[in-house]
There are 2 protein chains.
Amino acid sequence: MVGIDDVARQAGVSTATVSRALSGNGHVSPATRLRVETVAGELGYVVSSNASSLASGRMKNIGVVVPFLDRWFFSNVVEGAQKALLRGGFDLTLYSLAGDYDERRSVFEHFLLRQRVDAVIAVSLELNPDEVARLHALEKPLVGIGGPIAGVRTLTIDDVAVARLATEHLLALGHTRIAHIGGNLELDLDFHLPTNRRLGYELALTGAGITPPPALFQAADFTVRGGYQAAKQLLGNPHERPSAIFAASDEMAIGSILAARDLGLVVPRDVSVVGTDDHELADFFGLTTIAQFPQWQGEKAVEILLDELQPGKHDPVELDTAIPFDLIVRSSTARPPQG
Amino acid sequence: MVGIDDVARQAGVSTATVSRALSGNGHVSPATRLRVETVAGELGYVVSSNASSLASGRMKNIGVVVPFLDRWFFSNVVEGAQKALLRGGFDLTLYSLAGDYDERRSVFEHFLLRQRVDAVIAVSLELNPDEVARLHALEKPLVGIGGPIAGVRTLTIDDVAVARLATEHLLALGHTRIAHIGGNLELDLDFHLPTNRRLGYELALTGAGITPPPALFQAADFTVRGGYQAAKQLLGNPHERPSAIFAASDEMAIGSILAARDLGLVVPRDVSVVGTDDHELADFFGLTTIAQFPQWQGEKAVEILLDELQPGKHDPVELDTAIPFDLIVRSSTARPPQG
DNA sequence: CTGAAAGCGCTAACAC
DNA sequence: GTGTTAGCGCTTTCAG
């Protein structure tokens, strides 16, 4: 393995100069820098990150903790973070908890503490005070996605406003019997996303002078299958069949479209459907939805962190950053049957 | 930050003993070990991975390189690898190339070389000789998933056999006009998966005395939309409509099912469909498919690597490991219309 | 079974 | 702008 002193010798300078030239910290004359870079290139020298980290205290590595990886939202957040990190020369150490409590414990009590990361991004994880305390004890920056978390900077989406926007789209089209497929209670643990979306839905309705009918609410598990079953219940009801459905995830919305088809209903002629996410399949199904840009979220979290890692950083002013969202109208929504 | 000497002092032993007690390398009396462990626990001591790695040369970290992350197959491989690594106390550093050539270069020429990983797993990446050479120069173990790669140990699935099995399932049911939706040529770069699956399909047909009709082949891009379009072409043909479709991915198979429905055809009464993958949605659509267990693949790759990293390792005997696969029969396949 | 001490390869004061 | 030098926090011979 070629080391820094091989380069120093070849270039006729000291190791300190090599370090400075290659890292950009400290001043080096352009000529020397060029020579050093050339020699380093020829020799194929790459700094040993361990030695460098040990000496400098900087790891050039950030930890990303996600509850699952094989879901559209999370893999996209990670992909966005990865891209931004690569650009900054940082590595990304991934911790996917896979819903396992023991794994979560071991990650927070052991893995994250071994001084391997400069900062951590926690995605959709409602950190408990103990977890936050451990992380803070490390004096490493931490940002959450999906907050708010007490005492932690977070990127947060306004779920109430998201749901409201989706529902208002339907109201504006003239729908009055609007159903909602939300999350079930187990999923409410992290940040009450289901509750907040339901709240936004209800606010929109009451704002339009409509009392949210309990019969038009169904809980599901955010999957296609769950949405399918819930929509069957809703659309099969002989008395109060809704003319529109707002689903708290695109997968459930897609399930709803499939359920409608299986019942012989045509979307959007007989029933309008709007989802939430802008999942990769949304476009194929012509699904109207609220986009929430997970890749952007990952990139933004990295940006905040890298910025904070810059030397001479004042305390960050803003504690919370709002995640943007957008209504994307496709072909699953239209005016209701009778105009 | 509590360091090893804090623990040593508290426990009344030397730092060497603490190191031995906590790492398990070298002998320590049970009594001492217990005392050290207790003190370390009380103090909340966690080794600094940098210092440890620098001194020992072991990183307890492996790099996983994937072409994309937001696809069912890759995120599941990573999830499997993650689980196995966590168990072994290893970190997982992720490099998702996102199909970007510059990123790929920078990962192979820079990131992977900074001595941060003990080994690397390359998923569905046909490493070029230069990339392999760099990695070998590091003297780090390397395993590929999806091989074969010249000079690299790989986990390989027998794509020919997979396709053959799928096709034979259809033949056994009595189908004779069997179409195939395979990959297009751009996707053939890595390991010729599309070509091999097509080959297996053709072998099965000729084995049954049927000449593969060129009109019954369509190329697509492995997505639902691509499968949908391809199936429309196949099923819309007024003269040679196939009674069954074998798709090289579940997403394309699902697209085919949707296309059939849109044409008013009933699956499996009018047309049978079999996919490849056992994607999470396969079950919902009742899709008959060939499962290929991506999580298992990730775990297995880790297992091979961790085994090799054990001190005193002889050269690995087997160069290639076969990935298991299984026909899963659901409700998308049945005998053809006329029996 | 345990301790002393020499590094691992680099960075960061501090001089010049 | 550049060299000298003292560590960074651990692991690992080598003694005992």
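Since this is a predicted model, take the numbers as computed values, not measurements. Chain identifiers are assigned alphabetically (A, B, ...) following the order of the sequence lines, protein sequences preceding nucleic acid strands; residue numbering begins at 1 within each chain.
Of the possible polar contacts, one joining the A/Ser23 side chain to the A/Asn25 backbone as a donor-acceptor pair under 3.5 Å is found.
Residue A/Thr17 has no polar side-chain atom (N or O) positioned under 4.0 Å from OP1 or OP2 of D/dT2. Note on A/Ser29: a side-chain N or O is less than 4.0 Å away from OP1 or OP2 of D/dT2.
A/Phe90 is not listed as a side-chain neighbour of A/Val302, based on a closest heavy-atom distance of 4.5 Å or more. Annotation: side chain of B/Phe293 is not in contact with side chain of B/Asn76 (no heavy-atom distance under 4.5 Å). When side chains are defined from C-beta on, A/Gln115 counts as touching A/Lys140, because their heavy atoms get closer than 4.5 Å.
The pair A/Arg153-A/Glu308 counts as a salt bridge, with a side-chain nitrogen and a carboxylate oxygen less than 4.0 angstrom apart. Ion pairing between A/Arg105 and A/Glu131 fails under the 4.0 Å rule for side-chain N and carboxylate O. A salt bridge links B/Arg116 to A/Asp91: at least one charged side-chain nitrogen sits closer than 4.0 Å to a carboxylate oxygen.
Other residues, nucleotides and ligands place no more than 12 heavy atoms under 6.0 Å from the NE2 atom of B/His27.
DNA chain D is contacted by A/Leu54, A/Ala55 of residues 34-62 of chain A, taking any non-hydrogen atom closer than 4.0 Å.
One can place CZ of A/Arg20 at 11 Å from P of D/dG1, the figure rounded to the nearest angstrom. Atom pair A/Asp5:CG and D/dT4:P shows a separation of 13 Å (rounding to whole Å applied). Here D/dG9 presents its P atom at 16 Å from CG of A/Leu113, a figure rounded to the nearest Å. What separates CG of A/Leu22 from C1' of D/dT2 is a distance of 15 Å, to the nearest Å.
From B/Arg58, atom CZ reaches atom OG of B/Ser49 across 13.0 Å, with rounding to the nearest 0.5 Å.
If you walk DNA chain C from 5' to 3' and mark each nucleotide with an atom closer than 4.0 Å to a heavy atom of chain A, the marks span C/dG9 to C/dA13.
With the nearest nucleotide of DNA chain C identified for both A/Met1 and A/Ala16, A/Met1 has the one nearer the 5' end.
A side-chain hydrogen bond (donor to acceptor under 3.5 Å, both in side chains) with B/Ser96 is found for exactly one of A/Lys83, A/Gln82, A/Glu79, namely A/Glu79.
Contact of A/Arg33 with D/dG1 (side chain to base): no donor-acceptor pair of N or O atoms is detected under 3.5 Å.
Contacts of B/Val13 with the nucleic acid, taken as non-hydrogen atoms under 4.0 Å apart, involve only primed sugar atoms and P, OP1 or OP2. Residue contacts shown for B/Thr32 are limited to sugar-phosphate atoms, with no base heavy atom under 4.0 Å away.
Axis angle across the helix from C/dC1-D/dG16 to C/dC16-D/dG1, with five pairs used at each end and values rounded to 10°: 30°.
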request  = Report the C-alpha separation of A/Ile62 and A/Leu85 in whole Å, then their side-chain angles, then the decisive distance to 0.1 Å, and conclude whether the side-chain contact (heavy atoms from CB on, under 4.5 Å) test is met.
outcome  = CA-CA 8 Å; A/Ile62 85 110; A/Leu85 287 169; 3.5 Å; yes

